[in-house]
Amino acid sequence: QVQLVESGGGLVQPGGSLRLSCTASRSGFIIDAMGWYRQAPGKQRELVATIANGGSTTYADSVQGRFTISREPGKDTLILQMSSLKPEDTAVYLCNADARRYGRSSITTYWGQGTQVIVSS
């Protein structure tokens, strides 16, 4: 099993910054891509950013230039640095990981429980 635990959410004023972390426990698994998604009340879950093992990244248009996704070298920790936050960024932010068992090719997607981000004055 792969377990993902997010942290770093909270209340921040518009224009402020937050740093989200996602720590993975992955005994017996290899993690390929990881990503951040978010879900606001009454809305569908949407992709925020992803990062592949090779380091290539993708971002939603709505966060491009304001958010940065990264993985800490040598650690199973995913980071989302968020700046210039807007009220519309308010959501539960969830981490996910595409993982496979050593020696296997079948990939399973795992999700964390999420961390709440509220952007409000």
Side-chain angles (χ1 to χ4, degrees):
Q1 280 283 14
V2 175
Q3 294 183 329
L4 304 172
V5 179
E6 302 96 334
S7 62
L11 173 64
V12 63
Q13 292 188 342
S17 299
L18 275 178
R19 185 176 185 264
L20 305 183
S21 298
C22 171
T23 301
S25 300
R26 60 173 182 87
S27 179
F29 284 79
I30 298 170
I31 292 179
D32 293 336
M34 297 187 76
W36 287 99
Y37 287 69
R38 66 187 182 187
Q39 188 162 18
K43 295 188 176 181
Q44 289 190 335
R45 187 174 296 182
E46 62 175 358
L47 181 146
V48 176
T50 65
I51 184 167
N53 253 345
S56 61
T57 58
T58 62
Y59 294 92
D61 289 343
S62 59
V63 306
Q64 182 77 46
R66 300 188 297 122
F67 292 9
T68 302
I69 189 171
S70 61
R71 288 175 71 170
E72 290 191 346
K75 299 180 181 179
D76 290 319
T77 301
L78 182 69
I79 303 296
L80 184 69
Q81 181 66 49
M82 306 185 293
S83 60
S84 302
L85 283 161
K86 305 175 181 180
E88 51 263 43
D89 294 318
T90 295
V92 174
Y93 283 71
L94 303 107
C95 166
N96 85 344
D98 293 331
R100 53 190 168 85
R101 290 186 180 275
Y102 285 104
R104 303 280 182 89
S105 60
S106 176
I107 293 175
T108 300
T109 298
Y110 295 88
W111 292 88
Q113 293 297 307
T115 185
Q116 178 74 58
V117 172
I118 300 173
V119 184
S120 175
S121 55

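Basis for what follows: all heavy atoms, side chains included, without hydrogens, waters or symmetry-related copies. Everything numeric here is computed off the predicted structure, so don't read it as measured data.
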**Student:** Is the shortest heavy-atom distance from the side chain of Thr90 to the side chain of Val117 under 4.5 Å?
**Tutor:** no
**Student:** Starting from Tyr110, can I reach Ile79 by hopping between I/L/V/M/F/W/Y residues whose side chains sit under 4.5 Å apart?
**Tutor:**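 No, because Ile79 and Tyr110 fall into different hydrophobic clusters, even though each may have its own neighbours under 4.5 Å.
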**Student:** I need the Ile107 CD1 to Ile30 CD1 distance, nearest 0.5 Å.
**Tutor:**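 Between atom CD1 of Ile107 and atom CD1 of Ile30 there are 10.0 Å.
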**Student:** Roughly how far, to the nearest 0.5 Å, is CG of Asp76 from CE of Met34?
**Tutor:** 7.0 Å
**Student:** Can you see which heavy atom on Ala91 is nearest to which on Ala40, and at what distance?
**Tutor:** CB-N, 3.8 Å
**Student:** Considering residues at least two apart in sequence or located in another chain, which fulfil the side-chain hydrogen bond (donor to acceptor under 3.5 Å, both in side chains) criterion with Thr50?
**Tutor:** Thr58
**Student:** Does Thr57 use its side chain to pair, donor to acceptor, with the backbone of Ile51 at less than 3.5 Å?
**Tutor:** no
**Student:** Quick one: do Val12 and Val63 end up in the same hydrophobic cluster if we chain Ile, Leu, Val, Met, Phe, Trp and Tyr together by side-chain heavy atoms under 4.5 Å apart?
**Tutor:** yes
**Student:** If we ignore hydrogens and angles and just use 3.5 Å, is the side chain of Gln44 paired with the main-chain N or O of Gln39 as donor and acceptor?
**Tutor:**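 Here the side-chain-to-backbone pair does not exist.
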**Student:** Do Pro87 and Ser120 come close enough that some side-chain heavy atom pair is under 4.5 Å?
**Tutor:**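 Counting from C-beta outward, Pro87 and Ser120 never come under 4.5 Å.
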**Student:** Kindly compute the distance separating CE (Met82) from OG1 (Thr68), expressed to the nearest 0.5 Å.
**Tutor:** 11.0 Å
**Student:** Is there any disulfide bond (SG atoms under 2.5 Å apart) pair reaching into residues 44-87, and which pairs are they, with sequence neighbours excluded?
**Tutor:** none
**Student:** So which pairs with a foot in residues 32-76 pass ring pair (Phe, Tyr, Trp, His ring centres under 6.0 Å), sequence neighbours left out?
**Tutor:** Tyr37-Trp111
**Student:** Give the table of side-chain donor-acceptor pairs shorter than 3.5 Å for residues 92-105, with sequence neighbours excluded, one pair per line with atom names and distance.
**Tutor:**
{"from": "Tyr93", "atom 1": "OH", "to": "Arg38", "atom 2": "NH1", "distance (Å)": "2.9"}
{"from": "Tyr93", "atom 1": "OH", "to": "Asp89", "atom 2": "O", "distance (Å)": "2.6"}
{"from": "Asn96", "atom 1": "OD1", "to": "Gly35", "atom 2": "N", "distance (Å)": "3.2"}
{"from": "Asp98", "atom 1": "OD1", "to": "Thr109", "atom 2": "OG1", "distance (Å)": "2.6"}
{"from": "Arg100", "atom 1": "NE", "to": "Asp32", "atom 2": "OD2", "distance (Å)": "3.1"}
{"from": "Tyr102", "atom 1": "OH", "to": "Arg26", "atom 2": "NH1", "distance (Å)": "3.2"}

**Student:** Counting only heavy atoms not in Gln1, do more than 12 fall under 6.0 Å of its CD?
**Tutor:** no
**Student:** Using 0.5 Å steps for rounding, measure from the SG atom of Cys22 to the CD atom of Gln113.
**Tutor:** 11.5 Å
**Student:** Within the supplied structure, the quantity of interest is the number of heavy atoms (other residues, nucleotides, ligands) at a distance under 6.0 Å from Gln3 CD; does it exceed 12?
**Tutor:**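 No - once you tally the heavy atoms of other residues, nucleotides and ligands closer than 6.0 Å, there are 12 at most.
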**Student:** What distance do Gln13 atom CD and Leu11 atom CG have between them, rounded to the nearest 0.5 Å?
**Tutor:**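 Reported value, rounded in 0.5 Å steps: 8.0 Å.
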**Student:** Evaluate the criterion side-chain contact (heavy atoms from CB on, under 4.5 Å) for residue pair Leu18 and Leu85; output intermediate values, then yes/no.
**Tutor:** CA-CA 8 Å; Leu18 275 178; Leu85 283 161; 4.2 Å; yes
**Student:** Using modelled atom types and a 3.5 Å cut-off, is there a donor and acceptor pairing between side-chain atoms of Glu6 and backbone atoms of Ser21?
**Tutor:** no
**Student:** For residues 33-74, which residue pairs pass the disulfide bond (SG atoms under 2.5 Å apart) check, not counting sequence neighbours?
**Tutor:**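 Disulfide bond (SG atoms under 2.5 Å apart) check on residues 33-74 returns no pairs.
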**Student:** Please report the closest heavy-atom contact between Arg66 and Ser84, naming both atoms and the distance.
**Tutor:**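 Nearest heavy atoms, Arg66 then Ser84: NH1-O, 2.9 Å.
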**Student:** Holding to salt bridge (charged side-chain N to carboxylate O under 4.0 Å, His left out), I want the full list of residues that pass it with Glu72, two or more places apart in sequence or in another chain.
**Tutor:** Arg19, Lys75
**Student:** Mark yes or no for whether Thr115, through its side chain, and Gly9, through its backbone, hold a donor-acceptor pair below 3.5 Å.
**Tutor:** yes
